[in-house]
Structures are given as C-alpha cells and as structure tokens.
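Quick caveat: nothing in here was measured; it's all calculated off a predicted structure.
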Amino acid sequence: MTTAQPLDVQPTPLALLLLGREADPRSERGVECPGDLPAPSDPDLVARARAAKAELGDRVFVLGHHYQRDEVIEFADVTGDSFKLARDAAARPDAEYIVFCGVHFMAESADILTGDSQQVILPDLAAGCSMADMATAEQVAECWDVLTEAGVAGATVPVSYMNSSADIKAFTGRHGGTICTSSNAKRALDWAFEQGEPRQNKVLFLPDQHLGRNTAVREMGLSLDDCVVYNPHKPNGGLTADELRAAKMILWRGHCSVHGRFSLDSVNEVRERVPGVNVLVHPECKHEVVAAADHVGSTEHIIKTLEAAPAGSKWAIGTELNLVRRLANRFASEDKEIVFLDRTVCFCSTMNRIDLPHLVWSLESLADGKVVNRIQVDKETEAYAKLALERMLALP
C-alpha cells in the first residue's frame, strides 16, 4: 500500500484575485495585496473597526460611495458619488490617509486631487469597475489612430466619464478634452462642441455609450443617427471612414454592468405590479429604458428627488441595489414606497468587494504603521488627468 504524497498546491492568480490579495494585470487595477484578512464571521469586526479608526483619529478620512454595503457605510466620514468623494478628500489636506471605500478609478481620482503628503488606500485591490475596464489606454490610442486615418481626429474632442481609469483621463487631457459626471454631461458636451468649427466638431465619448447617447439625444436634440458606436474589438472599431465623418457622437462600446441590466420589460412590469409608480432611473441605463422612465438623473439627483417626493408616492428606482434598499428604509417612515426597478437582485459586484474584513484589515494595518493597498498615479499621468479634471471644474 502506497502512502499518498502531499500535494504542492499553490493558489492560482484567479484565486488570489477573488480573495482581494492580487490584481488582474489586464485591467486598470493595482498591484498585489499582501496580508491576512480577519474572518468574515469574526463577531468583533465592528468593535475592531471602531477601535482602529479611533486610534488613527484625524489622520484617517474614510470615504464611502453610495453603492457600498451598509456595514461599510457605517464607518464612512462622508458619503457620495465618485467625484464628490474625490473633492471631499482634496478638501481634507490634513488627513494623512484617505481610505476610499469604492472602486479603483475613484481612488485614482482621489490620489490625483489630493496632496503629495496624503496616501490613498483602497481596502480591496480587486474592487475595480467593469465599465472602466472596457477602455484601456492601448485601445483608445488605436481608436485615435483610426480617427486620424479617417481625417476626423482634428475635429474630435474627447469627453470621458468620471468612471474611467487615470490613463483614460490623461489621454483626454492630452487631446484637449474634459471629464464629465452624470450630473454635468450636457455642460461638458456643450463645451466640447464649441471648441471647433460650428457644425464640424465631433465628440469621442468614453467609456459609457449609454450616458453619451442619452445626453446627446434627450438633452441636446441630436438624433440616434448622429451617434455611432466604436467597438474596440473590431477592426477600425467596426466603422467605415464615411460613418465616422458623418457622426457627431462617437460612442465607445462600454456600459455599466448594473445599469445595463435594466430593460424596457423591467419598466413595463413594474408599472403593472405597482399602479401609479414613478420610474426614476440613472442615465447609464439603456436609451429605451431612459425614454420610458418618468425621471432620469444621477445618483445625487435620485436621492434629492426622493427627499422632495410627497408622502404616499411610489417609486421604482433603476440603480444599484444597496442604495435603493438604503433609500427604501430611510423613507419608509414618510410613507414613500420605494422598490427596485427589476425583480432580479443586482448588486454591483466590484463595489461589494469592499467588505468589513477588508476595511478592518486596512484600518488596523494603518494603525500599526503599515500602509497597505496604496493607490498611486504616476506624475505624468496625474498631470494630464488633472488637466482634464480642471477643465471640467471650469465648465460654466
């Protein structure tokens, strides 16, 4: 009888990524994440987080995106959307550590806007963004070459959504473009179309096709025919030179994995299920969903709309489930009925990677004098990305 030999099993890169201790080298995310996480079942996690945060005091500033879990939001000093949080971080120059409970591109933006003496921490490096990952620097550079060959690059202004990597923001800055949020996309597009000859200018909108299309068609009077979609996985983006010359909006083929799930059927079904419901959706949703909704707006707009809504009103919200559930609980006492737009439960999987064990590990490490998971944008990228962000801040 032979004795079984122990297997020399090493964790695979995928296994490490799923644990939040490694990064995907093909995406915009960071570098390895060493360290031992506390067990999710540890009953002392809340007390440990409070103790570590108290020990750090004013040296740490914790940011919590609206889509984060409640257990994480509890420890946030401020909450908000990605750009609001980055600006909040910049407004706290005395905080040595910025712990960003969000996703990678948000932490990059915070690093760009904060001082050199501040260090931005992302509790889990696997917390990326599928939308941001849909546009890499190499793909966008190739797209610009395609536009150049078609003779339209000189008349094209890039406008990049905040939900993009630092590399894409830097590309935008280098080529005379600006950043936008879901709140000011129309202002950014108005500015972009004013940069060149009247009726000749074009916009390359990165990386969310739906926000670009919805803003152009709903708010600016352009037609769907004015928009073309550039697919980075097809030769020449799947477009002819004539199509590029005729287009006003060149939309990158990217989308939000959460908002892209909502469909026209979702809207029709909720109207049947909840008579008298108001449908309120984020502009990252598909055009047909936005067209069928009663109200459309950014995350902050959604919150303010519900705050102002009369008692007894009914709302179906098309955005991330953590936020919808939090709003439903918040306004239940005011007799406001708030439901998720779709019957399918859909959290943002990458946002949900930031959990209490990762937050505790980050805070305790900082309290012990060990900086973990620092997000640091190189100086050249930072300079051009900041230029694009400053153009946005200067928008009228």
Side-chain angles (χ1 to χ4, degrees), residues 13-14 16-35 37 61-69 72 76 80-90 97-114 118-140 160-172 179 181 206-208 254-258 284 299 320 322 347-355 358-359 361-362 371-378 381-382 385-386 388-389:
L14 176 59
L16 289 171
L17 174 62
L18 293 174
L19 288 171
R21 299 176 182 176
E22 189 59 85
D24 181 352
R26 296 166 299 177
S27 79
E28 51 130 351
R29 297 191 279 271
V31 293
E32 71 175 31
C33 172
L37 298 177
F61 191 49
V62 180
L63 308 174
H65 190 273
H66 286 307
Y67 297 167
Q68 289 290 300
R69 306 162 180 253
V72 171
D81 60 16
S82 58
F83 185 58
K84 175 183 180 296
L85 292 177
R87 293 188 72 177
D88 285 342
Y97 304 119
I98 305 295
V99 176
F100 209 125
C101 297
V103 294
H104 195 277
F105 78 80
M106 300 178 186
E108 285 185 328
S109 296
D111 184 60
I112 291 167
L113 293 174
T114 52
Q118 296 177 285
Q119 300 182 75
V120 178
I121 310 301
L122 183 66
D124 185 348
L125 291 179
C129 171
S130 59
M131 179 200 296
D133 287 348
M134 290 176 188
T136 68
E138 294 79 10
Q139 290 172 332
V140 175
S160 293
Y161 191 20
M162 179 63 70
N163 299 30
S164 59
S165 70
D167 285 339
I168 301 307
K169 291 183 176 73
F171 166 88
T172 305
I179 308 302
T181 69
L206 300 150
D208 179 30
H255 65 276
C256 170
S257 58
V258 171
E284 289 176 18
T299 303
E320 205 272 343
N322 270 319
F347 295 99
C348 175
S349 59
T350 48
M351 282 281 188
N352 271 266
R353 297 208 66 98
I354 308 296
D355 56 14
H358 280 90
L359 180 58
W361 171 69
S362 301
V371 177
V372 296
N373 288 12
R374 183 180 180 187
I375 302 300
Q376 196 167 14
V377 179
D378 69 84
T381 301
E382 177 182 302
K386 192 170 186 178
L389 285 165

Heavy-atom side-chain contact between [X] and [Y] under 4.5 Å:
{"X": "Asn373", "Y": "Trp361", "result": "yes"}
{"X": "Gln119", "Y": "Ile98", "result": "no"}
{"X": "Asn352", "Y": "Asn322", "result": "yes"}
{"X": "Ser164", "Y": "Phe105", "result": "no"}
{"X": "Ile354", "Y": "Arg69", "result": "no"}

Practice task
Ignoring hydrogens and angles, tell me if any N or O in the side chain of Asp111 forms a donor-acceptor pair with the backbone of Val377 under 3.5 Å.
Solution key: yes
Practice task
Would you confirm whether Glu284, through its side chain, and Cys256, through its main-chain N or O, come within 3.5 Å as a donor-acceptor pair?
Solution key: no
Handout entry: Atom pair CG/CG of Asp81 and Asn163 - distance to nearest 0.5 Å
Key = 9.0 Å
Completion exercise
Interatomic distance, SG@Cys348 vs CZ@Arg353, rounded to 0.5 Å, equals 11.0 Å
Exercise for the section: For Gln139, enumerate each residue passing the side chain to side chain contact (heavy atoms under 4.5 Å, CB included) test, keeping only those at least two apart in sequence or located in another chain. Expected result: Thr136, Pro232, His233, Trp252
Handout entry: Where Ala107 and Phe100 come nearest, the two heavy atoms and their spacing
Key = CA-CD1, 4.0 Å
Handout entry: Residues Thr299 and Tyr67: side-chain donor-acceptor under 3.5 angstrom
Key = yes
Handout entry: Listed partners of Lys386 passing salt bridge (charged side-chain N to carboxylate O under 4.0 Å, His left out), at least two apart
Key = none
